[in-house]
Novice: 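Take a look at this one; I'll ask things after.
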Amino acid sequence: QVQLVESGGGSVQAGGSLRLACVVSGYKYGYNCVTWFRLAPGKEYEGVATIFTGGGSTYYADSVKGRFTISQDNAKNSVYPQMNSLKPEGTAMYYCAADRVLPTSGRLALTDRLYNYWGQGTQVTVSS
């Protein structure tokens, strides 16, 4: 089993920044990829940023490319998306998810159905 706990959400004005955190615990061989998703009211899950924890490869949704940066701290078993230049359409519940994903998946790793382990989410609200 793998457990994930998110933190760092909050309210920010458009153009502002937030840094979320996801602490991963449990069976360390149960995952090799951690992805951040967001879920806005009335919409489907959108994968925004992913990192393969072994090699450090990262991939981003086109909607956040150039504004979000995902990183990891192996000593803390944590993954951090730094979110800059936030937009009102970024208002959503943000979740981190983990699982074993083929490293050759590339941006397909941003697909929600690949993940069995999810955190409880943290709310991000961006006001205009």
Side-chain angles (χ1 to χ4, degrees):
Q1 285 287 349
V2 177
Q3 295 82 39
L4 304 99
V5 178
E6 304 96 333
S7 61
S11 297
V12 64
Q13 289 192 326
S17 298
L18 278 175
R19 184 178 186 243
L20 306 182
C22 173
V23 179
V24 188
S25 62
Y27 182 54
K28 66 177 182 178
Y29 298 109
Y31 69 100
N32 67 335
C33 186
V34 178
T35 295
W36 280 87
F37 293 89
R38 62 188 180 189
L39 183 63
K43 295 191 176 182
E44 296 182 349
Y45 282 103
E46 178 189 16
V48 296
T50 193
I51 186 165
F52 283 89
T53 55
S57 297
T58 59
Y59 300 92
Y60 299 92
D62 289 341
S63 58
V64 306
K65 197 174 294 184
R67 300 186 296 116
F68 286 19
T69 303
I70 190 170
S71 62
Q72 62 179 337
D73 183 333
N74 290 331
K76 296 182 179 179
N77 292 324
S78 296
V79 172
Y80 308 97
Q82 175 67 44
M83 309 187 298
N84 298 329
S85 303
L86 284 163
K87 302 177 180 180
E89 52 264 40
T91 294
M93 186 72 80
Y94 283 70
Y95 299 88
C96 63
D99 215 312
R100 294 202 62 82
V101 178
L102 283 173
T104 53
S105 298
R107 294 181 76 246
L108 290 177
L110 295 168
T111 306
D112 61 296
R113 68 176 182 272
L114 297 179
Y115 298 86
N116 287 301
Y117 306 111
W118 292 75
Q120 82 289 349
T122 186
Q123 178 68 38
V124 172
T125 301
V126 186
S127 58
S128 57

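Bear in mind that the values here come from a model prediction, so they are computed numbers and not experimental data. Count residues from 1 along the sequence.
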Novice: If I compare all heavy atoms of Thr35 with all of Ala109, which pair ends up nearest, and what's the gap?
Specialist: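 Looks like OG1-O, 3.4 Å.
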Novice: Give a yes or no on whether Tyr115 and Tyr59 share a hydrophobic cluster (residues Ile, Leu, Val, Met, Phe, Trp, Tyr; joining criterion: side-chain heavy atoms under 4.5 Å apart).
Specialist: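 Hydrophobic grouping puts Tyr115 with Tyr59.
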Novice: May I ask you to test the Thr58-Thr50 pair for a side-chain heavy-atom distance under 4.5 Å?
Specialist: no
Novice: Evaluate the criterion side chain to side chain contact (heavy atoms under 4.5 Å, CB included) for residue pair Val2 and Val24; output intermediate values, then yes/no.
Specialist: CA-CA 7 Å; Val2 177; Val24 188; 3.6 Å; yes
Novice: Tell me whether Arg38 is salt-bridged to Asp112, with the criterion being a basic N under 4.0 Å from an acidic carboxylate O.
Specialist: no
Novice: Would you say Asn84's side chain and Phe68's backbone share a donor-acceptor pair under 3.5 angstrom?
Specialist: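 Absent.
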Novice: State, to 0.1 Å, how close Gln82 and Ser17 come at their nearest heavy-atom pair, and which atoms those are.
Specialist: NE2-CB, 3.9 Å
Novice: Transitively linked via ILVMFWY side-chain contacts under 4.5 Å: Val101 with Val79?
Specialist: no
Novice: Quick check for you: to the nearest 0.5 Å, what is the distance between Arg107 atom CZ and Thr111 atom OG1?
Specialist: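 Answer for the CZ-OG1 pair, Arg107 versus Thr111, is 9.5 Å.
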Novice: Please state whether the rings of Trp118 and Tyr45 are parallel, tilted or perpendicular, taking 30° and 60° as the class boundaries.
Specialist: tilted
Novice: Is it true that the side chains of Asp73 and Ser78 contain a donor and an acceptor less than 3.5 Å apart?
Specialist: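 There is no such pair (donor and acceptor under 3.5 Å, judged by atom type) between the side chains of Asp73 and Ser78.
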Novice: Any chance you could measure Glu6, atom CD, to Cys22, atom SG, to the nearest 0.5 Å?
Specialist: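 It is 5.5 Å, given to the nearest 0.5 Å.
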Novice: Taking all non-hydrogen atoms of both residues into account, name the closest pair between Ala61 and Gly47 and its distance.
Specialist: CB-O, 3.3 Å
Novice: More than 12 non-hydrogen atoms from neighbouring residues, nucleotides or ligands closer than 6.0 Å to NZ on Lys28, yes or no?
Specialist: no
Novice: For a side-chain hydrogen bond (donor to acceptor under 3.5 Å, both in side chains) check, start with the C-alpha distance between Ser63 and Glu46, then their side-chain angles and the critical distance, and finish with the verdict.
Specialist: CA-CA 10 Å; Ser63 58; Glu46 178 189 16; 2.7 Å; yes
Novice: Check whether any side-chain heavy atom of Arg67 lies under 4.5 Å from a side-chain heavy atom of Tyr60, and answer yes or no.
Specialist: no
Novice: Treating Ile, Leu, Val, Met, Phe, Trp and Tyr as nodes and any side-chain heavy-atom pair under 4.5 angstrom as an edge, say whether Leu39 and Leu114 lie in one connected cluster.
Specialist: yes
Novice: Output the distance between atom OG (Ser71) and atom CD1 (Ile51), rounded to the nearest 0.5 Å.
Specialist: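 It comes to 6.5 Å.
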Novice: Tell me whether Gln123 at atom CD has more than 12 heavy atoms from other residues, nucleotides or ligands lying less than 6.0 Å away.
Specialist: yes
Novice: Minimum heavy-atom separation for Pro103 to Asn32, with atom names?
Specialist: CG-ND2, 4.0 Å
Novice: Any non-hydrogen side-chain atom of Pro81 less than 4.5 Å from a side-chain atom of Val48?
Specialist: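 No, too far: nothing below the 4.5 Å cut-off.
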Novice: Check whether NZ of the Lys or CZ of the Arg Arg19 lies under 6.0 Å from the centre of the six-membered ring of Tyr80 and within 45 degrees of that ring's axis.
Specialist: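 Judged by the rule, Arg19 and Tyr80 form a cation-pi pair.
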Novice: With heavy-atom distances below 4.5 Å as the criterion, would you say the side chains of Val124 and Thr91 are in contact?
Specialist: no
Novice: Rounded to the nearest 0.5 Å, what separation is found between the CH2 atom of Trp36 and the OH atom of Tyr94?
Specialist: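 Trp36 atom CH2 to Tyr94 atom OH measures 10.0 Å (nearest 0.5 Å).
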Novice: Can you confirm whether more than 12 heavy atoms, excluding those of Gln120, are under 6.0 Å from its CD atom?
Specialist: yes
Novice: Using 0.5 Å steps for rounding, measure from the CG atom of Leu20 to the OG atom of Ser7.
Specialist: 7.5 Å
Novice: Could you tell me the separation between the CG atom of Leu86 and the OG atom of Ser11, rounded to the nearest 0.5 Å?
Specialist: 11.5 Å
Novice: I'd like to know whether Thr53 forms a side-chain hydrogen bond (donor to acceptor under 3.5 Å, both in side chains) with Tyr31, so could you lay out the CA-CA distance, the side-chain angles of the two residues, the decisive distance to 0.1 Å, and finally the verdict.
Specialist: CA-CA 8 Å; Thr53 55; Tyr31 69 100; 5.8 Å; no
Novice: Compare all side-chain heavy atoms of Arg100 with those of Cys33 and state whether any distance is below 4.5 angstrom.
Specialist: no
Novice: Is there a path of hydrophobic side-chain contacts, each under 4.5 Å between heavy atoms of I, L, V, M, F, W or Y residues, that connects Ile70 with Val34?
Specialist: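 Yes, one cluster joins them.
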Novice: May I ask whether Phe37 and Phe52 are part of the same hydrophobic cluster, defined by side-chain heavy atoms of I, L, V, M, F, W, Y residues being less than 4.5 angstrom apart, directly or through others?
Specialist: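 Yes, Phe37 and Phe52 fall within the same hydrophobic cluster.
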Novice: Considering all heavy atoms of both residues, which atom of Ala97 and which atom of Leu4 are nearest to each other, and what is their separation?
Specialist: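 Answer, listing the atom of Ala97 first, then Leu4: C-CD2, 3.9 Å.
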